[in-house]
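In what follows, a single structure is set out as structure tokens and then discussed.
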Amino acid sequence: MSTPPTPGLYIVATPIGNLGDLTPRAAELLRSCSLVLAEDKRVTTRLLMHAGASVPMRTYNDHSDAADRTAIVARLGSEAIALVSDAGTPLISDPGFKLVREARAAGHEIFTLPGPCAAIAALTLAGLPTDRFLFLGFLPPKEKSRAEAIAEVAAVRASLVLYESGPRLGASLAALAAGLGDREAAVARELTKFHEECVTGTLTQLADRYADAAPKGEIVIVVGPLAGAPEPTSDDLDAALRAAMQAGESPSRAAASVAARLGIKRKLAYERALELGR
Ligand code: SAM
């Protein structure tokens with residue numbers, strides 16, 4: 001019989017579609033821990049059967065509160081407790097951050113068992129630069145907040161990775177094209193599953209493709225960085241701001257559009273727009 005695991009919290013990544021991706025270490029831990037914290041027990045039941053594990057489960061999800069965490073943390077000194085998500089890596093657009101923080105504050109051991117993550121899997125397929133990337137999770141559903149969230153990252157010189165659902169894909173791609181310019185992008189769908197695909201193109205091409213044809217399944221969008229554009233000079237910035245303001249845009253609007261187009265920080269463009277406007 002193998003030795004029981006050291007007491008503490010175990011963050012266990014699970015497959016995002018193909019059960020064969022459960023790591024041997026994760027399977028062993030799920031068999032030998034004393035409790036599994038699951039987002040949805042019905043989903044995790046299938047995983048535990050696959051791993052040959054027969055251990056108690058307790059629900060831990062976005063509805064769990066401080067009292068739930070206190071009860072779990074109180075057991076970590078004497079028990080090995082595993083946290084899993086419905087799919088992929090816990091804490092990545094999934095619950096767990098507060099639990100890890102409280103377990104750490106209480107001085108308990110925390111172990112991570114890495115494995116599948118849809119964002120990373122999509123990056124490996126997209127054929128877009130991976131040396132610098134920014135994970136954005138889900139964009140806000142409302143149009144105005146979504147445009148603001150996109151404007152905030154327009155100047156970031158990195159690939160962007162986003163989670164999205166089929167029904168919102170077309171609108172999100174169009175909003176990304178409007179806010180970031182027509183960059184190269186990829187739509188990675190149903191990764192590790194039977195219908196896995198990765199469709200590439202510019203944001204406008206992809207927005208057109210999915211405008212009236214919402215795809216089924218789970219989706220990651222990867223957007224490439226500004227295409228090899230040289231760093232804009234201060235003359236470029238001034239010329240673009242002057243043109244926008246002469247066309248009637250307020251300093252704030254001009255700064256937002258120019259910052260997105262030149263790939264610079266909005267605050268910097270705004271300060272310069274105010275100076276030029278004086
Ligand atoms: N923690 C998970 C991870 O590590 O990837 C992500 C959880 S988040 C609640 C779920 C989202 O991840 C889905 O809406 C989808 O955007 C993305 N996702 C999960 N599985 C996927 C798959 N097999 N293919 C593509 N995207 C997937």
Side-chain angles (χ1 to χ4, degrees), residues 9-23 25-26 29-30 36-44 46-47 50 59-64 82-101 110-128 130 133-141 146 149-150 153 159-173 175-176 185-201 203 206-207 209-210 213-223:
L9 181 62
Y10 291 75
I11 310 301
V12 182
T14 62
I16 55 170
N18 186 328
L19 284 173
D21 292 336
L22 184 71
T23 69
R25 188 178 165 219
L29 191 277
L30 292 175
V36 173
L37 303 173
E39 260 192 291
D40 180 336
K41 288 199 227 171
R42 288 163 305 182
V43 175
T44 300
R46 289 197 287 277
L47 179 77
H50 172 78
T59 304
Y60 186 80
N61 58 27
D62 285 331
H63 304 292
S64 301
L83 173 70
V84 300
S85 299
D86 284 352
T89 300
L91 282 84
I92 307 302
S93 288
D94 267 335
F97 150 66
K98 288 182 186 164
L99 183 61
V100 169
R101 189 168 58 175
I110 306 169
F111 305 92
T112 189
L113 280 67
C117 174
I120 300 298
L123 266 172
T124 65
L125 279 184
L128 293 166
T130 52
F133 63 87
L134 177 64
F135 174 63
L136 297 176
F138 291 93
L139 285 172
R146 184 173 59 200
I150 293 170
V153 298
S159 290
L160 306 174
V161 185
L162 305 98
Y163 287 159
E164 195 44 280
S165 69
R168 290 214 298 253
L169 179 64
S172 287
L173 289 166
L176 287 163
V187 171
R189 195 172 70 84
E190 292 289 85
L191 297 171
T192 76
K193 303 183 199 176
F194 184 74
H195 291 292
E196 171 176 308
E197 67 173 8
C198 183
V199 180
T200 58
L203 280 169
L206 293 170
R209 175 181 175 133
Y210 293 110
K216 290 203 171 72
E218 302 197 275
I219 292 158
V220 183
I221 302 172
V222 185
V223 183

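Values reported hereafter were calculated over all heavy atoms of this structure, with side chains retained and with hydrogens, waters and symmetry mates removed. Indexing begins at 1, ligand by ligand and atom by atom, following the structure's order.
Here the heavy atom of the protein found nearest to atom 3 (C) of ligand 1 is Tyr163 OH, 3.4 Å. Scanning the protein for heavy atoms near atom 10 (C) of ligand 1, the closest one is Phe138 CZ, 4.1 Å. In terms of protein heavy atoms, atom 4 (O) of ligand 1 is closest to Thr89 N, 2.8 Å. The protein non-hydrogen atom at the shortest distance from atom 20 (N) of ligand 1 is Glu218 OE1, 3.3 Å. In terms of protein heavy-atom proximity, atom 15 (C) of ligand 1 is nearest to Ile219 O, 3.4 Å. Remark: minimum distance from atom 2 (C) of ligand 1 to any protein heavy atom is reached at Ala87 O, 3.3 Å. Nearest protein neighbour of atom 9 (C) of ligand 1, counting heavy atoms only, is Ser93 O, 3.2 Å. The protein heavy-atom contact nearest to atom 24 (N) of ligand 1 is Leu191 N, 2.9 Å.
Contact annotation: for Glu196 versus ligand 1, there are no heavy atoms closer than 4.0 Å. At a 4.0 Å heavy-atom cut-off, ligand 1 touches Cys117 through backbone and side chain alike.
Within the listing of ligand 1, atoms 3 (C), 4 (O), 5 (O), 17 (C), 18 (N), 19 (C), 20 (N), 21 (C), 26 (N), 27 (C) sit less than 4.0 angstrom from a heavy atom of Ala118. Atoms of ligand 1 lying under 4.0 Å from any heavy atom of Lys193, numbered from 1 in the order shown and given with element: 23 (N). Short contacts between ligand 1 and Gly88, defined as distances under 4.0 Å to a heavy atom of the residue, involve ligand atoms 3 (C), 4 (O). When each atom of ligand 1 is checked for a heavy atom of Glu164 under 4.0 Å away, the hits are 16 (O). Using a 4.0 Å cut-off to heavy atoms of Ile92, the atoms of ligand 1 that qualify are 1 (N), 2 (C), 6 (C), 7 (C).
Under a 3.5 Å cut-off, the side chain of Glu39 and the backbone N or O of Asp86 do form a donor-acceptor pair. Between the Asp21 side chain and the Ile16 main chain, no donor and acceptor come within less than 3.5 Å of each other.
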For residues 160-168, please give each side-chain donor-acceptor pair under 3.5 Å, one per line with the distance, not counting sequence neighbours.
unit_1	atom_1	unit_2	atom_2	d
Tyr163	OH	Ala119	N	3.1
Glu164	OE1	Arg168	NE	3.4
Glu164	OE2	Ser172	OG	2.6

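Residues Pro116 and Thr192 have side chains not in contact (no heavy-atom distance under 4.5 Å, counting atoms from C-beta outward). Looking at Arg25 and Pro114, their side chains come closer than 4.5 Å, going by heavy atoms from C-beta outward. Taking 4.5 Å as the limit, every side-chain heavy atom of Asn61 sits out of range of all side-chain heavy atoms of Asp40. In this structure the side chain of Val43 never reaches within 4.5 angstrom of the side chain of Ser85, judged on heavy atoms. Inter-residue side-chain proximity for Leu113 and Thr23 is flagged as unmet; no heavy-atom pair is nearer than 4.5 Å. At a threshold of 4.5 Å between non-hydrogen side-chain atoms, the residues Leu206 and Ile221 do not count as touching. Annotation: side chain of Ile120 is not in contact with side chain of Ile92 (no heavy-atom distance under 4.5 Å).
For the ligand labelled ligand 1, residue Gly17 lies outside the 4.0 Å heavy-atom shell. Contact between Asp94 and ligand 1 is present, with at least one heavy atom of the residue lying under 4.0 Å from the ligand.
With sequence neighbours left out, Glu196 forms a salt bridge (Lys or Arg N to Asp or Glu O under 4.0 Å) with no residue at all.
Distances between N or O atoms of Ala119 and those of ligand 1 include no value under 3.5 Å. Residue Ala188 places no N or O, backbone or side chain, under 3.5 Å from any N or O of ligand 1.
In this structure, CG in Leu91 is found 12.0 Å from NZ in Lys98, a value given to the nearest 0.5 Å.
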